[in-house]
Asker: 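The structure that follows is given in the form of structure tokens.
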Amino acid sequence: MGSVNVSTHTIPVAEEGAKANRNSLWWDAYYRLKKDRIAVISFWVIVFYVLLAVGCRIGLLFPHFAETNDALSYAAPNANHWLGTDFLGRDVLARAAHGTYTSLLVGFFGSGLAVVIGTMFGALAGYFGGKVDDLIVWLYTTVSTIPYILLVIAFSFVLGAGLKVLCLVLGLTGWVGICRVVRGEYMKHRDREYVQACTAIGASHFRKAFIHILPNVTHLILIQFSLGFVGVIKAEVILSYLGLGVEAGTPSWGVMINDAAQELPREVWWGLAAATGFMFFLVLAFNLFNDALRDALDPKLKNK
Amino acid sequence: MWKYVVRRTLYMIPILFGVTLITFLLFNVAGGDPAAQMAGKNATAERIEEIRVLYGFNKPIHMQYLDFVRQIVTFDYGRSISSKQKISTMIFGESPELSPVLTSLSLTLPAFLLTLLITISIALVLTVKRGSKLDKSVMVICLALLSFSSLVYILVGQKWLGYELGIFEISGWDPSWTERWRYLTLPTIIFVILSLGSNILFYRTIFLEEIFQDYVRTAKSKGLGQKVILFKHVLRNAMIPIITLVVIQMPFLILGALLTEAFFGIPGLGGLIFQALNEADFPVIRAMTVLITIMYMVFQLITDVLYSVVDPKVTLK
């Protein structure tokens, strides 16, 4: 029973009868993360936020977030409204809690779309090389040449505002980094023996690229996804300030932080505090978790 | 070397073509009817038709694209929808004092140099004291700094440093060279604070990568002091990634600190974009996207040439 320390830098391996694949990258990463107390705490903070968002969405938590009350405009924090009210008399705590859902949604779909586009292009470029590679490299060089903020502004300006468009814009503009990483990995993998073996038994290009090589680069994609998540959440705030964010009425941290520009001169600080606080712990947890995730999953950084 | 510069410049042509194509497709095709967009929500059909003819949207698509390319080559971007000013004048200014490019630079360049000095020094100290309590706590602080939205820094800085303490001007602008610092002090401080977190983490990683290299061990074993190793060997080898980061950030210096300029009412390029967005000024945004991208490409060219100066290992092919 218990763990056996084989040498100083191996993870505690194998209870009795453990399978061979317990030495795989994912198990290795899992053990590394589990040992990292900060990573574990960050993970549970993220889980808490997800539960909060789901709870708000299905109406279990803060169901009255949209209720307005003109008599209560800019009420300071009190027993009924723990974090005060905004200028329409809506409860700030409830707005901030519901903002979690908006942020996580934009983060998930924005970063998710970027990952899908980046992986597709990266895989095609890296796997086929030649003309396909030239074309895709040209495309991402072009896209990355346009400064990110200008690109996002141009896309949002043309495509309009709103939650769905926001995810689309952040996805369409955020794929270059992932594409670069995936392309590089595919170039390394495409001539390896296991791919040659696949060719020998007559596997198609699609099968080789997406069934055989893809699982070997998923860990890098996961890191990029997680990094993108944070970037997208922060971008939402800035786009809201530029008037390119979510629809009016959607509870969002970006909108709340922007409203603070009018609120602060009136000594109304609770709106900004609530949105900043909610956002701070989520982004910090993500930042800390990402650091640990990268150390755990990226073999290049191991044992450093 | 000149051969390389020429080759590298020629390589910019397909990229420039791509940039114009993406911008064109985005603004003239993807967004629906550009004339209707420019005219605004409450425009009459005649007004839309007028704009369509005025800006050439009635021509076939490929002719519109050629018009767009002609604009870029001749530096004549037409006029703004809302102010009717020539866009090239809006971007480069009538005089140096009024030039948005120089206005942006007078905010971002000193702020950027200050950031470099501060963050590289802190990163060097952390590298020496790696693994210590100081190192760990500064790392955590950096990650925490990164977890606030940049808007929060601007809002709180303006409120607290500008309004409550009354040390700095809250917002406003004076174009004269000798007076503008009054309005630039607070935005500069905020710019530096905004860049602290990410820059310290970045430089620390770079220095840590260098410190485990063989040449450092060699230097140590032949008895060189820590200072000599750090400043003469590590710092010089770390110049490549540092220059990369510096130059990547250069075009953003021209673009200015978009949010900071908008908040403090500084009439730089960032402020100009913000204004154009508020007025839905389509031609201005389109022109700025292309122009700033071109400036960015020029800076990239400069980096690649600089590499060869700093690092003899990089050969110019």
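Within every chain, numbering begins at 1; the chains are lettered A, B, ... in the order of the sequence lines, protein sequences first and strands thereafter. Remember, it's a predicted structure, so these values are computed and weren't measured experimentally.
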Asker: Run the salt-bridge test on K159(B) and E263(A) with the 4.0 Å N-O cut-off and return the result as yes or no.
Answerer: no
Asker: Work out which heavy atom in D281(B) is nearest to a heavy atom in F157(A); give both atom names and the distance.
Answerer: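 Closest pair (atom of D281(B), atom of F157(A), distance): N-CZ, 4.4 Å.
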Asker: Side chain from CB out, backbone as N, CA, C, O: work out which of these in L244(A) comes under 4.5 Å of a heavy atom of chain B, or both, or neither.
Answerer: side chain
Asker: What distance do T142(A) atom OG1 and I15(B) atom CD1 have between them, rounded to the nearest 0.5 Å?
Answerer: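 Nearest 0.5 Å value for the OG1-CD1 distance: 4.5 Å.
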Asker: Are more than 12 heavy atoms, taken from residues, nucleotides or ligands other than M12(B), located less than 6.0 Å from that residue's CE atom?
Answerer: yes
Asker: Minimum heavy-atom separation for L26(B) to A154(A), with atom names?
Answerer: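 Closest heavy-atom pair between L26(B) and A154(A): CD2-CB, 3.7 Å.
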Asker: Do you know which of V156(B), L151(B), L21(B), L208(B) has the most heavy-atom pairs with chain A at a distance under 4.5 angstrom?
Answerer: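 Looking at each option in turn, the highest pair count goes to L151(B).
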Asker: As an exercise: rank N278(B), T23(B), I294(B), L146(B) by heavy-atom pairs under 4.5 Å with chain A and give me the winner.
Answerer: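 Most pairs with chain A among the choices: L146(B).
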Asker: Apply side-chain contact (heavy atoms from CB on, under 4.5 Å) to residues I153(A) and T289(B) and explain how you reach the verdict.
Answerer: CA-CA 9 Å; I153(A) 286 177; T289(B) 309; over 6 Å; no
Asker: Please report the interatomic distance CG(L143(B)) to CD1(I38(A)), rounded to the nearest 0.5 Å.
Answerer: 9.0 Å
Asker: Has F108(A) got more than 12 heavy atoms of other residues, nucleotides or ligands less than 6.0 Å from its CZ?
Answerer: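 Not buried by this count: 12 neighbours or fewer within 6.0 Å.
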Asker: ring-ring contact (aromatic ring centres under 6.0 Å, His included): which pairs involve residues 261-283 of chain B, sequence neighbours left out?
Answerer: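 Matches after skipping sequence neighbours: Y241(A)-F263(B), Y241(A)-F274(B), F27(B)-F282(B).
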Asker: If I compare all heavy atoms of A260(A) with all of L155(B), which pair ends up nearest, and what's the gap?
Answerer: CB-CD1, 3.9 Å
Asker: Only heavy atoms, only distances under 4.5 angstrom. Which residues in residues 276-292 of chain A are near chain B?
Answerer: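 The stretch touches chain B at T276(A), M279(A), F280(A), V283(A), L284(A), N287(A), L288(A), D291(A).
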Asker: Run the side chain to side chain contact (heavy atoms under 4.5 Å, CB included) test against S144(A) and tell me which residues pass, sequence neighbours left out.
Answerer: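 Testing S144(A) for side chain to side chain contact (heavy atoms under 4.5 Å, CB included), a comparison that skips the adjacent residues, returns V176(A), R180(A).
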Asker: Name, in order of residue number, those residues of residues 252-259 of chain A that have a heavy atom at a distance of less than 4.5 Å from a heavy atom in chain B; otherwise write 'none'.
Answerer: I257(A), N258(A)
Asker: For chain B, find which of T141(A), L272(A), L242(A) contributes the most heavy-atom pairs closer than 4.5 angstrom.
Answerer: L242(A)
Asker: Given a strict heavy-atom distance threshold of 4.5 Å, which part of I285(B) is in contact with chain A: side chain, backbone, both, or neither?
Answerer: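 The side chain, not the backbone.
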